[in-house]
Amino acid sequence: MRRVAYALLLIVGIALIVMPLSVPRFKSDAPYSVLNTGPDGTSRFGALLYHSGKVVPVLFPYSSFSEGNATLVMIEPDVSLGAGELEVLRSFIEKGGTLLLATDSDVGNSILRELGLRQRVSREKALTITFLNGLPATREVSGSLARGVPFVALREPSVILGAQNPILFTSNATMFRGSYGRFPLVDEVPYGKGRIIIISDPGIFTNALFDENEPFLRNLIAGLPKTFYIDEAHHRDLNPYSSGTVVIQRAVNRKLVFYYVLFVALVVFFVESGLALRFLAWSLGLVFSILEKLFGSEEESLEDILRRLEARGYDGDKLKRLIEEIETGSKLGGAHGR
């Protein structure tokens with residue numbers, strides 16, 4: 001019977017280690033959400049973040065960020081941050097965090113204003129006549145972001161006003177507010193020990209443009225801290241719903257299987273050698289001895305009993321004589337027994 005139990009323990013344990021996992025899959029129809037797999041969603045960018053580091057979805061208003069050296073990703077937020085959230089955000093960046101803010105809305109400008117930045121994102125759109133693969137595009141990429149990037153596809157680019165360190169521009173064939181030239185689309189701003197990266201065309205991150213922009217997005221991610229807080233709490237139309245399950249096949253972890261087999265072997269030896277019973281008996285004895293010391297009572301002496309009876313009104317001398325007679329056996333026939 002024991003052999004059957006040991007075999008079951010071994011089989012069930014290894015099965016739990018290697019069996020597939022079924023996890024729920026959620027989607028959303030909210031634009032720019034990483035849960036949205038449609039053309040205006042950013043699920044493919046979210047998958048790229050997942051394969052590049054640690055991803056932490058933010059589904060509720062900010063209270064704190066457990067990791068300081070991290071990146072907060074905000075793509076087109078359309079719900080304003082409360083005063084408490086702004087303080088948490090400001091502290092997060094000042095202590096070394098990175099804010100990646102892709103926006104062309106008033107909410108994004110409000111965040112920039114509350115953080116004390118001079119940069120703003122224009123409400124007017126830039127008009128470019130440069131098209132590649134049928135899409136408005138630019139080749140004006142600076143620094144490490146340009147590595148392996150033939151062009152960056154745009155959707156409806158706004159312009160960053162008051163840019164400090166621009167690293168991506170529209171093409172030179174762009175008109176904005178009656179002027180021709182190139183205009184900043186991405187700006188990197190130092191902030192305390194951290195930084196803020198402002199992107200004025202959130203469409204760059206959408207699934208519709210992902211194939212064209214993947215090299216640029218990979219370069220962008222390469223320069224970011226690898227813990228990614230993805231802000232979904234400030235998407236007004238976020239409506240996650242279950243769309244079934246995903247089966248995850250787990251590779252066999254030989255080291256973990258080895259340690260589990262070793263554990264079962266130790267259990268078998270411990271039981272079959274009798275050490276388990278000895279250990280159990282020793283443990284119970286130790287417990288009982290501790291309980292006896294804690295709750296046990298000492299035997300009451302004869303003098304203590306007599307004093308207690310005298311306190312209740314009994315004659316102490318008569319009680320002592322009675323006890324002496326019982327001890328000598330005078331009431332039971334004296335020294336001759338019965």
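Values reported hereafter were calculated over all heavy atoms of this structure, with side chains retained and with hydrogens, waters and symmetry mates removed.
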Novice: Between Asn165 and Val189, is there a side-chain heavy-atom distance shorter than 4.5 Å?
Specialist: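 Result no, sub-4.5 Å side-chain heavy-atom pair not found.
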Novice: Are Leu89 and Leu72 packed together at the side-chain level, in the sense that at least one heavy-atom pair is separated by less than 4.5 angstrom?
Specialist: yes
Novice: Would Ser179 and Met175 count as a side chain to side chain contact (heavy atoms under 4.5 Å, CB included) here? Give the steps.
Specialist: CA-CA 5 Å; Ser179 300; Met175 185 172 69; over 6 Å; no
Novice: Supply the atom-to-atom distance Leu48 CG to Asn213 CG, rounded to the nearest 0.5 angstrom.
Specialist: 11.5 Å
Novice: Following the transitive rule for hydrophobic clusters with a side-chain heavy-atom cut-off under 4.5 Å over Ile, Leu, Val, Met, Phe, Trp and Tyr, establish whether Phe228 and Phe210 coincide in one cluster.
Specialist: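 Yes: a chain of side-chain contacts under 4.5 Å links Phe228 to Phe210.
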Novice: Where the side chain of Ser33 meets the backbone of Ala30, is there a donor-acceptor pair that is under 3.5 Å apart?
Specialist: no
Novice: Determine whether a donor-acceptor pair (N or O, by modelled atom type, separation under 3.5 Å) exists between the side chain of Ser91 and the backbone of Glu87.
Specialist: no
Novice: Starting from Ile196, can I reach Val186 by hopping between I/L/V/M/F/W/Y residues whose side chains sit under 4.5 Å apart?
Specialist: no
Novice: Any donor-acceptor pair under 3.5 Å linking the side-chain atoms of His234 with those of Glu85?
Specialist: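 Note: Glu85 and His234 side chains meet the donor-acceptor criterion.
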Novice: Taking only residues two or more places apart in sequence, or in another chain, which ones meet Arg118 in a side-chain contact (heavy atoms from CB on, under 4.5 Å)?
Specialist: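 By the side-chain contact (heavy atoms from CB on, under 4.5 Å) rule, Arg118 matches Gln164.
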Novice: Holding to ring-ring contact (aromatic ring centres under 6.0 Å, His included), I want the full list of residues that pass it with Phe65, two or more places apart in sequence or in another chain.
Specialist: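 Phe65: ring-ring contact (aromatic ring centres under 6.0 Å, His included) contacts with Tyr62, Phe92, Tyr229.
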Novice: Would you compute the distance between atom OG of Ser43 and atom CG of Asn36 and round it to the nearest 0.5 angstrom?
Specialist: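 Reported to 0.5 Å precision, the distance equals 7.0 Å.
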Novice: Can you list the steps and then say if Leu135 with Phe151 is a side chain to side chain contact (heavy atoms under 4.5 Å, CB included)?
Specialist: CA-CA 11 Å; Leu135 297 168; Phe151 67 93; 5.6 Å; no
Novice: I'd like to know if Lys193 pairs up with Glu94 as an ion pair, taking the criterion as any Lys NZ or Arg NE/NH1/NH2 lying under 4.0 Å from an Asp or Glu carboxylate oxygen.
Specialist: no
Novice: Suppose we screen for side-chain contact (heavy atoms from CB on, under 4.5 Å). Which residues come up paired with Phe131, at least two apart in sequence or across chains?
Specialist: Pro136
Novice: Side chains of Leu100 and Met74: does their closest heavy-atom pair fall under 4.5 Å?
Specialist: no
Novice: Kindly compute the distance separating CZ (Arg218) from NE2 (His51), expressed to the nearest 0.5 Å.
Specialist: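 NE2 of His51 is found 9.0 Å from CZ of Arg218.
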Novice: Taking 4.0 angstrom as the limit, do Asp104 and Arg123 come out as a salt bridge?
Specialist: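 The answer is no: the pair does not qualify as a salt bridge.
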Novice: Is there a side-chain contact between Asp187 and Ile197, using heavy atoms and a 4.5 Å cut-off?
Specialist: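 No, too far: nothing below the 4.5 Å cut-off.
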Novice: Hey, mind stepping through Asp78 and Ser105 against side chain to side chain donor-acceptor pair (under 3.5 Å) and telling me if it holds?
Specialist: CA-CA 7 Å; Asp78 54 4; Ser105 68; over 6 Å; no
Novice: Tell me the closest heavy-atom pair linking Val79 and His235, and the distance in Å.
Specialist: CG2-C, 4.1 Å
Novice: Same cluster or not: Val149 versus Phe45, using hydrophobic residues (I, L, V, M, F, W, Y) connected whenever any side-chain heavy atoms lie under 4.5 Å apart?
Specialist: yes
Novice: With a cutoff of under 4.5 Å between side-chain heavy atoms, which Ile, Leu, Val, Met, Phe, Trp and Tyr residues group with Val159?
Specialist: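 Reading the cluster by chain and number, Val159 sits alongside Leu161, Phe176, Phe183.
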Novice: Quick one: OG on Ser122 to CG on Asn109, what's the gap to the nearest 0.5 Å?
Specialist: 8.5 Å
Novice: Measuring from atom CD1 of Ile167 to atom CG of Leu185, what distance do you get when rounded to the nearest 0.5 angstrom?
Specialist: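 The CD1 atom of Ile167 sits 10.5 Å away from the CG atom of Leu185.
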Novice: Looking only at heavy atoms, what is the nearest atom pair of Asn172 and Glu140, with distance?
Specialist: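 Looking at all heavy atoms of both residues, the closest pair is ND2-OE2, 3.9 Å.
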Novice: Please give me the minimum heavy-atom distance between Glu76 and Thr103, naming the atom from each residue.
Specialist: OE1-OG1, 3.2 Å
Novice: Do other residues, nucleotides or ligands put more than 12 heavy atoms under 6.0 Å from Lys226 NZ?
Specialist: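 Yes, because the 6.0 Å sphere around NZ of Lys226 holds more than 12 heavy atoms from other groups.
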Novice: If you define the side chain from C-beta out and look only at heavy atoms, does anything of Asp211 sit under 4.5 Å from Arg44?
Specialist: yes
Novice: Can Thr128 and Thr170 be said to form a side chain to side chain donor-acceptor pair (under 3.5 Å), step by step?
Specialist: CA-CA 8 Å; Thr128 179; Thr170 65; over 6 Å; no
Novice: Out of Leu209, Leu220, Leu217, which one pairs with Ile204 under the side chain to side chain contact (heavy atoms under 4.5 Å, CB included) rule?
Specialist: Leu217
Novice: Apply side chain to side chain contact (heavy atoms under 4.5 Å, CB included) to Arg195 and Ile93, showing your working.
Specialist: CA-CA 6 Å; Arg195 57 182 170 156; Ile93 305 171; 5.9 Å; no
Novice: Does one side chain, of Thr227 or Lys54, offer a donor that lies under 3.5 Å from an acceptor on the other?
Specialist: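 On atom types as modelled, these side chains do not qualify, holding no pair under 3.5 Å.
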Novice: Can you find a pair of side-chain heavy atoms, one from Ser142 and one from Leu168, that are under 4.5 Å apart?
Specialist: no
Novice: Less than 4.5 Å apart, any side-chain heavy atom of Val121 and any of Ile198?
Specialist: yes
Novice: Hey, does Thr130 have a side-chain heavy atom less than 4.5 Å from the side chain of Thr174?
Specialist: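 Of all side-chain heavy-atom pairs linking Thr130 with Thr174, none is under 4.5 Å.
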Novice: Classify the side-chain pair Asp201/Ser158 by whether it contains a donor and acceptor separated by less than 3.5 Å.
Specialist: no
Novice: Closest heavy-atom contact between Ala102 and Phe205?
Specialist: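 What the structure gives for the nearest pair is CB-CE1, 3.6 Å.
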Novice: Locate the shortest heavy-atom distance separating Ser171 from Ala137; write the atom from each residue and the value.
Specialist: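 Taking every non-hydrogen atom into account, CB-O, 4.2 Å.
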Novice: Rounded to the nearest 0.5 Å, how far apart are CG of Leu99 and OG1 of Thr71?
Specialist: 9.5 Å
Novice: Hey, any chance Ile75 and Phe216 share a hydrophobic cluster, counting ILVMFWY side chains that come within less than 4.5 Å of each other, even indirectly?
Specialist: yes
Novice: Apply side-chain contact (heavy atoms from CB on, under 4.5 Å) to Val34 and list each qualifying residue two or more places apart in sequence or on a separate chain.
Specialist: Thr42, Ile230, Glu232
Novice: I want to check a possible cation-pi pair here: Arg182 against Phe169, using under 6.0 Å from ring centre and within 45° of the ring axis as the test.
Specialist: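 Yes.
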Novice: Can you give me the closest heavy-atom contact between Asn219 and Arg147, atom names plus distance?
Specialist: ND2-O, 2.7 Å
Novice: Should we count CD1 of Ile129 as having more than 12 external heavy atoms under 6.0 Å?
Specialist: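 Not buried by this count: 12 neighbours or fewer within 6.0 Å.
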Novice: Would a single hydrophobic cluster contain both Leu101 and Leu117, if residues Ile, Leu, Val, Met, Phe, Trp and Tyr are joined by side-chain heavy-atom contacts under 4.5 Å?
Specialist: yes
Novice: Taking only residues two or more places apart in sequence or in another chain, which ones pass side-chain contact (heavy atoms from CB on, under 4.5 Å) with Ser80?
Specialist: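 Per chain and number, Ser80 pairs via side-chain contact (heavy atoms from CB on, under 4.5 Å) with Val107.
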